[in-house]
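Quick one: this structure, given as structure tokens, is what I'll be asking you about.
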2 protein chains.
Amino acid sequence: MEDLIKILQSKNIHPSHQRIKILEILENNEDHMNVNMIYEELLKEIPTISKTTVYNTLSTFAEKGLVHCLTITPEEMRYDYRAKPHHHLLCTQCGRIIDVDVQCPYADVMEIDGHRIEEIQGYFKGTCRECLSHDKAQIIK
Amino acid sequence: MEDLIKILQSKNIHPSHQRIKILEILENNEDHMNVNMIYEELLKEIPTISKTTVYNTLSTFAEKGLVHCLTITPEEMRYDYRAKPHHHLLCTQCGRIIDVDVQCPYADVMEIDGHRIEEIQGYFKGTCRECLSHDKAQIIK
DNA sequence: TATTAATTTATAATTATTATAACTATGGAA
DNA sequence: TTCCATAGTTATAATAATTATAAATTAATA
Ligand SMILES: [Mn+2]
Ligand SMILES: [Mn+2]
Ligand SMILES: [Zn+2]
Ligand SMILES: [Zn+2]
């Protein structure tokens with residue numbers, strides 16, 4: 001709680017009740033949540049929360065570099081709250097978005113082909129480990 | 001024209017008038033168009049074209065592997081009609097989506113960390129070469 | 001030709017996101 | 001304390017991409 005407030009303050013974000021709770025949800029969830037998932041979680045603790053606040057807060061967080069926005073799913077924005085940059089796998093079977101720790105050779109590159117690079121997003125699509133082993137178990141059965 | 005028909009047939013897509021024209025537009029445009037851009041172009045030649053047809057056609061094309069879907073812009077899907085896979089830069093200044101020919105070390109990898117990989121999308125965000133040089137010219141002025 | 005299937009179109013519905021304005025809490029000046 | 005400015009939140013409406021549905025058209029087939 002105190003930690004969350006400090007994190008917000010370190011990014012010059014006024015630590016309101018709503019913002020603290022949103023950050024807490026992001027911390028407690030390994031997933032890459034969308035606005036609705038966060039909203040549903042929030043409702044349990046702040047029944048009066050507005051979805052607009054979730055949108056506003058997340059866009060503030062993104063501006064200040066507290067979260068990263070993922071466009072890996074075409075439907076809606078996903079939010080990532082992990083410090084160091086990494087790539088992602090979207091499992092087409094279970095729909096999960098999974099961190100992939102492959103070292104990107106361009107991670108520290110600031111310039112490619114004359115273009116200035118400020119951000120890198122690596123998206124993989126396929127079938128996750130768990131779905132694969134589940135499939136295998138199904139076949140045996 | 002004949003070429004376009006052959007391309008469609010090779011992918012088992014019936015070469016209707018609409019589909020041929022959509023493929024033609026994709027061929028003649030270096031950009032990574034969205035549905036509306038394609039629709040606007042089509043209107044010049046087929047004034048009765050329906051936007052639903054554009055959606056249907058592009059999703060057929062994507063299924064058959066004739067185009068690739070890019071989610072680099074959060075707002076809407078972009079379509080890429082270039083044979084060999086490559087990465088992309090979104091210029092935050094001019095909004096263009098530019099092909100980036102960096103060799104991805106995972107290009108031929110079928111498996112990472114136990115997950116099966118079927119597709120890779122590399123998105124860079126920053127400022128394109130042209131906008132950078134334009135900026136520089138502005139400063140001098 | 002008559003019938004069937006494939007494709008296209010018009011239209012409505014859905015859904016994520018943004019815009020707008022009203023409301024509320026907060027922290028200082030008077 | 002009271003007044004006021006501001007930031008933050010909420011309710012509500014608007015926007016825009018996409019999908020769903022069913023009718024209309026075209027092409028294929030018997
Ligand atoms: Mn992640
Ligand atoms: Mn491209
Ligand atoms: Zn999975
Ligand atoms: Zn540019």
Side-chain angles (χ1 to χ4, degrees), chain A residues 4-5 8-9 11-25 32-64 66-80 90 95 97, chain B residues 4-5 8-9 11-25 32-64 66-80 90 95 97:
Chain A
L4 297 173
I5 291 173
L8 290 171
Q9 283 170 339
K11 298 279 181 178
N12 285 313
I13 302 168
H14 182 81
S16 69
H17 181 50
Q18 286 84 342
R19 285 168 178 170
I20 293 166
K21 285 294 167 194
I22 290 174
L23 186 57
E24 189 175 45
I25 288 169
H32 301 82
M33 306 176 93
N34 62 23
V35 164
N36 218 47
M37 292 166 180
I38 295 166
Y39 175 69
E40 292 293 337
E41 279 297 306
L42 277 170
L43 277 180
K44 298 175 188 169
E45 302 200 59
I46 313 175
T48 59
I49 192 79
S50 154
K51 206 174 269 189
T52 306
T53 299
V54 185
Y55 276 104
N56 290 340
T57 301
L58 287 168
S59 90
T60 301
F61 284 9
E63 267 171 33
K64 305 288 174 129
L66 205 50
V67 296
H68 287 111
C69 300
L70 308 184
T71 57
I72 193 168
T73 54
E75 301 83 27
E76 84 286 280
M77 191 70 82
R78 299 293 189 127
Y79 295 89
D80 192 341
L90 173 64
I97 295 167
Chain B
L4 298 173
I5 292 173
L8 289 170
Q9 284 169 339
K11 296 280 182 177
N12 285 313
I13 302 169
H14 182 82
S16 70
H17 181 50
Q18 286 84 341
R19 285 169 178 168
I20 292 166
K21 284 295 168 193
I22 290 174
L23 186 56
E24 189 175 45
I25 288 170
H32 301 83
M33 306 176 92
N34 62 24
V35 163
N36 217 47
M37 292 165 180
I38 294 166
Y39 175 70
E40 293 292 335
E41 279 297 307
L42 277 169
L43 277 180
K44 297 175 188 169
E45 303 199 60
I46 313 174
T48 59
I49 192 79
S50 154
K51 205 174 269 188
T52 307
T53 300
V54 185
Y55 275 103
N56 290 340
T57 301
L58 287 168
S59 91
T60 301
F61 284 8
E63 269 172 33
K64 305 286 175 134
L66 204 50
V67 296
H68 287 112
C69 299
L70 307 184
T71 57
I72 193 168
T73 53
E75 300 83 27
E76 84 285 281
M77 191 69 82
R78 299 293 189 127
Y79 295 89
D80 191 340
L90 173 64
I97 296 167

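Within every chain, numbering begins at 1; the chains are lettered A, B, ... in the order of the sequence lines, protein sequences first and strands thereafter.
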Protein-nucleic acid N or O pairs under 3.5 Å, nucleotides 7-11 of chain D:
{"from": "D/dG8", "atom 1": "OP1", "to": "A/Arg19", "atom 2": "NH1", "distance (Å)": "2.9"}
{"from": "D/dT9", "atom 1": "OP1", "to": "A/Ser16", "atom 2": "OG", "distance (Å)": "2.3"}
{"from": "D/dT9", "atom 1": "OP1", "to": "A/Gln18", "atom 2": "OE1", "distance (Å)": "3.1"}
{"from": "D/dT9", "atom 1": "O3'", "to": "A/Gln18", "atom 2": "NE2", "distance (Å)": "2.9"}
{"from": "D/dT10", "atom 1": "OP1", "to": "A/Gln18", "atom 2": "NE2", "distance (Å)": "3.4"}
{"from": "D/dT10", "atom 1": "OP1", "to": "A/Thr48", "atom 2": "O", "distance (Å)": "3.3"}
{"from": "D/dT10", "atom 1": "OP2", "to": "A/Ser50", "atom 2": "N", "distance (Å)": "3.2"}
{"from": "D/dT10", "atom 1": "OP2", "to": "A/Thr53", "atom 2": "OG1", "distance (Å)": "2.8"}
{"from": "D/dA11", "atom 1": "N6", "to": "A/Thr52", "atom 2": "OG1", "distance (Å)": "3.4"}

Terminal contacting nucleotides, 5' and 3', DNA chain C versus chain A (heavy atom, 4.0 Å):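 Nucleotide range in contact with chain A: C/dA16 to C/dA19.
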Does any N or O in the side chain of B/Thr71 come within less than 3.5 Å of the main-chain N or O of A/Thr71, such that one atom is a donor and the other an acceptor?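 Yes: the side chain of B/Thr71 pairs with the backbone of A/Thr71.
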Looking only at non-hydrogen atoms, find the nearest pair between A/Leu90 and A/Gly95 and report the distance.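 Of all heavy-atom pairs spanning A/Leu90 and A/Gly95, the closest is CD1-O, 3.6 Å.
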Could you list the donor-acceptor pairs under 3.5 angstrom formed between side-chain atoms of residues 39-49 of chain A and any protein atom two or more places apart in sequence or on another chain?
{"from": "A/Glu41", "atom 1": "OE2", "to": "A/Lys44", "atom 2": "NZ", "distance (Å)": "2.9"}
{"from": "A/Glu45", "atom 1": "OE1", "to": "A/Lys21", "atom 2": "NZ", "distance (Å)": "3.2"}

Note the angle between the end axes of the helix from C/dT1-D/dA30 to C/dA30-D/dT1, five pairs defining each, rounded to 10 degrees.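 Computed from the C1' atoms at both ends, the axes differ by 0°.
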Minimum-distance pair of heavy atoms, taken over all atoms of B/Arg19 and B/Ile13: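 Minimum heavy-atom contact is CD-CG2, 3.8 Å.
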Nearest whole angstrom, please: distance from the P of D/dA27 to the CD of B/Gln9.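 Between P of D/dA27 and CD of B/Gln9: 15 Å.
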If you compare all heavy atoms of A/Ile97 against all heavy atoms of A/His32, which two are closest, and at what distance to 0.1 Å?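 The answer is O-ND1, 3.0 Å.
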Considering non-hydrogen atoms only, spot the tightest contact between B/Leu58 and B/Val35 and give its length.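 Minimum heavy-atom separation between B/Leu58 and B/Val35: CD1-CG2, 3.8 Å.
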Just jot down the side-chain hydrogen bond (donor to acceptor under 3.5 Å, both in side chains) partners of A/Asn56, sequence neighbours excluded, or say none.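 Counting only residues at least two positions away or on another chain, A/Asn56 forms no side-chain hydrogen bond (donor to acceptor under 3.5 Å, both in side chains).
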Side-chain contact test, heavy atoms from C-beta onward, threshold under 4.5 Å: evaluate it for B/Leu66 versus B/Leu8 and give yes or no.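 A side-chain contact exists here, since the closest heavy-atom pair is under 4.5 Å.
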Can you check the A/Lys51 NZ to D/dA14 P distance for me, whole Å?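 Checked: the NZ to P distance equals 18 Å.
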Side-chain (A/Thr73) to main-chain (A/Glu75) donor-acceptor, under 3.5 angstrom: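 Here the side-chain-to-backbone pair does not exist.
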Not counting sequence neighbours, which residues clear salt bridge (charged side-chain N to carboxylate O under 4.0 Å, His left out) with B/Arg78? List them please.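 Salt bridge (charged side-chain N to carboxylate O under 4.0 Å, His left out) list for B/Arg78, sorted by chain: B/Glu76.
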